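One structure is given below, encoded as structure tokens.
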Amino acid sequence: MRKRVVITGMGAVTPLGNDLPTTWAGVTAGKSGVRRITHFDPSGFPSQIAGEVKGFDFSPTAKRDPKLAPAMFNTQFAITACEEAVRDSGLSLDNTDPLRRACYFAAGDSAVPVNSLARAFFDAFQKTPDGFDVKDYLKIRAAAGHGVAEEEKEPAATLRHLVRHFRIGGPASNSLTACAASAQAIGEASEIIRRGEADVCLSGGAHSMIHPFGVAGFCLLTTLSMNNDAPETASRPFDETRSGFVLSEGAAAVVLEEYEHAKKRGARIYGELLGYGSTADAYRLTDSHPEAVGASAAILQAVREAGIRLDQVDYLNAHGTSTKVNDAVETLAIKKAFGDHAYKLAVSSTKSMTGHLIAAAGAVELEFCLLAMRDGVVPPTINYRHKDPDCDLDYVPNEARRKEVRIAASNSFGFGGQNIVLIVGKV
Amino acid sequence: MKRRIVITGIGAVTPCGTGADALWQAALEGRSGIRLSEESDLPTIPIPAAGYIRDFEPAKFIANRKSLKVMCRDIQMAVVASYLARQDAGLAADAITPTRSGVCIGAGVFEHDPEELSDSFRESIGADAQFDVVKFGSSGMGRLFPLWLLKYLPNMPACHITIAHNLQGPSNTITADSSGSMSSIEEAARVIDRGTADLMFCGGSECRLYGAGLLRYSARGELNRSSDASYPVFSDRSAGIVPGEGGTVLVLESLDHAAARGAKPLAEIKGFFAGGDYSDGSEAGLAERMAHAMREAVRVSELRLEDIDVVHVSARGLPAEDRAEARAVRAVFGGLSAKPRLAVTKSLTGFLGYSAAPVEIALAARSLAAGRAVPSAITGAALLGDFKLTSAADAAPVRNVLVNHFEAGLTYHSIVLSSMRGADHA
């Protein structure tokens with residue numbers, strides 16, 4: 001018998017709120033969390049807007065657990081969302097066996113410490129005015145003790161903190177497959193439970209690339225929206241005037257649990273993880289396959305694994321990044337996979353409101369699917385004004401919709417060609 | 001395991017040479033790939049010695065020059081290792097069913113090449129000689145090449161590997177320091193076991209001698225600063241890590257799939273345990289977690305402790321970690337009348353980070369295929385006097401091997417590999 005996996009706890013830190021209830025209230029109200037960048041002066045950059053986390057204070061947590069003091073955003077967001085998820089699940093860390101507890105996260109990297117890096121370059125330039133001697137630069141960095149920051153900005157640092165903070169004795173892993181990472185982490189986490197390697201698995205993702213090098217990297221790839229004058233309407237998935245995604249930051253965490261384990265302790269169950277599809281495009285580094293081969297295959301794989309009919313899916317939370325290519329190819333993937341049902345399905349991109357949380361995107365979007373099931377409310381795609389002939393599905397434009405959702409799916413596709421689809425259903 | 005899973009190919013780019021045969025030969029001869037640092041090596045921190053790869057020629061393997069340009073050294077090594085693994089597995093182009101084949105690679109965020117950044121920083125010097133982020137945005141950034149970001153994303157090795165071999169099944173990247181590639185091998189096995197794929201490439205690569213990677217080892221106080229090219233591990237002289245670089249990729253298949261194409265597997269993966277280190281950090285605490293990993297791996301493999309012929313210790317020269325492992329090995333196996341031999345091999349290559357665990361598994365798999373233990377390469381006195389070390393003269397059978405990969409403060413992994421020599425299975 002295949003073990004059943006359910007979600008019993010959730011937490012989030014997003015541009016719309018520093019917990020999940022606030023975030024969900026924001027998305028169902030059609031609010032945007034996108035503003036002009038404040039983490040640094042963005043005025044030199046082509047894209048100057050982002051979905052920053054606002055009013056976030058980690059110091060009380062670091063006071064409770066002093067080893068978290070040097071933690072950067074990747075870890076700060078992750079710990080905060082995970083604490084909320086664990087609290088929400090009602091699971092006691094003290095009364096459950098650490099060996100039966102796993103963690104499969106998708107922490108991204110944190111900011112490159114640009115000022116100290118610059119200092120090292122500038123000092124090296126002083127020594128060789130007409131050129132750059134890499135030896136000088138390396139010596140300066142070594143002498144300046146950049147090691148601690150380098151350590152903390154690594155995604156592995158987040159995993160170390162999670163393992164220690166939540167006393168994880170079962171499998172512990174961290175996926176980083178760009179924009180698909182946290183959906184993939186949740187999918188693999190569910191497999192660890194199905195194999196019986198753990199009863200409970202903490203999963204989700206955390207990321208912050210809103211730093212000069214992160215923004216520069218995406219600007220160079222010309223993938224970011226440059227609607228700097230109107231941040232709140234910049235992310236407009238499936239709209240004909242869409243022109244790029246909006247970089248965001250934050251975290252989302254879920255507690256996955258083996259169904260019998262959850263039932264036995266009388267846990268509140270948000271839903272069951274029914275299916276997980278995972279494919280690769282094997283096509284190009286950034287472009288998705290124009291025929292949506294991998295994406296549609298992932299949808300079908302997840303549906304098959306869920307053991308449901310395609311027309312049972314009521315809501316699909318799209319990857320919907322607001323780039324020209326993604327939204328058109330994703331629409332094609334949905335049509336290829338669902339056939340006629342594609343037009344009856346409610347499809348929305350909550351990235352229109354949250355922006356793109358990169359490694360954390362898939363997890364927060366799965367949470368929206370679960371809350372849509374709980375509340376009977378489908379979050380909208382905001383900023384949808386102009387119909388694109390290539391994008392002709394029901395995108396739940398601009399306003400949330402009352403609708404009973406029994407089964408929902410979430411798409412997450414990433415640079416590098418990973419296509420992940422998760423399907424959840426009511427228990 | 002619901003399905004039988006086997007290792008059918010090894011691709012290794014290590015300080016001991018290019019290819020699995022070079023690694024195996026070096027191991028048999030006890031020939032270390034660690035070299036004294038030279039002026040041209042340019043490690044970030046002056047280190048006396050490291051496992052350098054000075055003759056790495058990616059262009060020999062990667063025909064597409066354009067894609068070579070968007071790969072940093074770590075990515076190049078992983079991709080070259082994937083070609084070598086495929087060759088070693090005897091996988092012809094038509095032997096791979098794209099939708100039934102995938103990849104799972106362990107990799108961290110790659111180090112930026114300072115030369116590549118220097119121009120953009122030069123453009124970003126403000127009036128007060130400080131970094132001017134506005135100038136960086138308006139002109140400094142433009143000095144980076146457009147695909148710059150793609151050179152350093154951790155999932156790029158996996159991405160290039162999917163394209164190189166047309167793998168359309170799952171593609172994952174695990175970022176968890178050196179444990180990440182051990183996890184990648186376990187996950188590849190899980191993926192095959194659950195029937196999502198029949199064939200997986202897995203492993204990892206790391207070239208952190210030149211960037212911030214060494215800063216991290218140094219900040220943790222983990223580097224061995226002794227002045228020669230020896231790398232004592234699992235020894236009374238353990239004094240830290242001697243780092244190295246390398247890329248190692250394995251081909252895993254279901255036994256059925258391998259048999260159907262007439263492949264000759266090197267070894268079978270019987271079972272594994274992976275667990276987080278939630279210990280208090282004391283030596284006893286670490287040892288308890290490590291012992292649990294070993295016992296569980298043997299248990300889920302449906303073997304008895306007595307069935308284990310050789311234990312490949314994880315030992316990477318960190319004194320407390322090495323001592324804890326010795327204590328754990330004694331706790332698990334010390335009471336047996338016929339104790340397993342211990343294979344100590346990190347000193348061959350240096351500690352290869354994301355490539356360390358796959359190298360250890362590659363050595364174990366080759367040893368099972370050859371029916372002889374990997375000779376230990378040890379400096380100083382081994383930590384467990386009452387356990388025999390493997391040696392060149394070791395002629396005792398090797399049927400079941402336990403491979404450890406322990407990283408204190410992160411995760412503990414033990415995996416059991418068994419010989420394919422059916423008749424020898426007593």
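Computed over heavy atoms, backbone and side chain alike; hydrogens, waters and symmetry mates excluded. Letters A, B, ... are given to chains in the order of the sequence lines, protein chains preceding strands, and every chain is numbered from 1. All values reported here derive from a predicted model rather than from experimental measurement.
At a 4.5 Å heavy-atom cutoff, A:R194 makes no contact with chain B through either its backbone or its side chain. In this structure, no portion of A:F105 lies under 4.5 Å from any heavy atom of chain B. Contact annotation for A:V114: both backbone and side-chain heavy atoms come within less than 4.5 Å of a heavy atom of chain B. Residue A:E305: no heavy atom, backbone or side chain, is found under 4.5 Å from chain B. Contact annotation for A:R195: only side-chain heavy atoms (C-beta onward) come within less than 4.5 Å of a heavy atom of chain B. Of the atoms belonging to A:Y283, it is backbone heavy atoms, and not side-chain ones, that fall under 4.5 Å from chain B. Using a 4.5 Å cut-off between heavy atoms, A:Q301 contacts chain B through its side chain alone, with no backbone atom that close. Of the atoms belonging to A:E191, it is side-chain heavy atoms, and not backbone ones, that fall under 4.5 Å from chain B. When heavy atoms are compared at a cutoff of 4.5 Å, B:D132 does not approach chain A at all. With a threshold of 4.5 angstrom between heavy atoms, B:L147 approaches chain A through its backbone and through its side chain. A:F218 touches chain B through backbone and side chain together, each having a heavy atom under 4.5 Å away.
With B:F121 as the fixed residue, the ring-ring contact (aromatic ring centres under 6.0 Å, His included) test singles out one of A:F132, A:F125, A:F121: A:F121.
Salt-bridge formation is not detected for the pair A:D97/A:R101: no Lys NZ or Arg NE/NH1/NH2 atom is positioned less than 4.0 Å from an Asp or Glu carboxylate oxygen. Ion pair B:R208/A:E154 flagged as a salt bridge, since at least one NZ, NE, NH1 or NH2 atom sits closer than 4.0 Å to an Asp/Glu carboxylate oxygen. Classification of A:R167 and A:D94 as a salt-bridged pair holds, one side-chain N sitting under 4.0 Å from a carboxylate O.
Distance check: A:T286 OG1 to A:L221 CG gives 6.5 Å after rounding to the nearest 0.5 Å.
Using modelled atom types and a 3.5 Å distance limit, the side chains of A:Q418 and B:N172 yield no donor-acceptor pair.
With chain B as the partner, the residue from A:F45, A:F40, A:F166, A:F415 showing the most heavy-atom pairs under 4.5 Å is A:F45. Contact tally against chain A (heavy-atom pairs below 4.5 Å) for B:H292, B:E407, B:H165: the top residue is B:H292.
Annotation: side chain of B:H405 is not in contact with side chain of B:Y412 (no heavy-atom distance under 4.5 Å).
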Let's go through B:R216 and A:E151 carefully: what are the C-alpha distance in whole Å and the side-chain angles of both, what is the deciding distance for salt bridge (charged side-chain N to carboxylate O under 4.0 Å, His left out) to 0.1 Å, and is it a yes or a no?
CA-CA 6 Å; B:R216 298 176 56 213; A:E151 173 83 16; 3.4 Å; yes
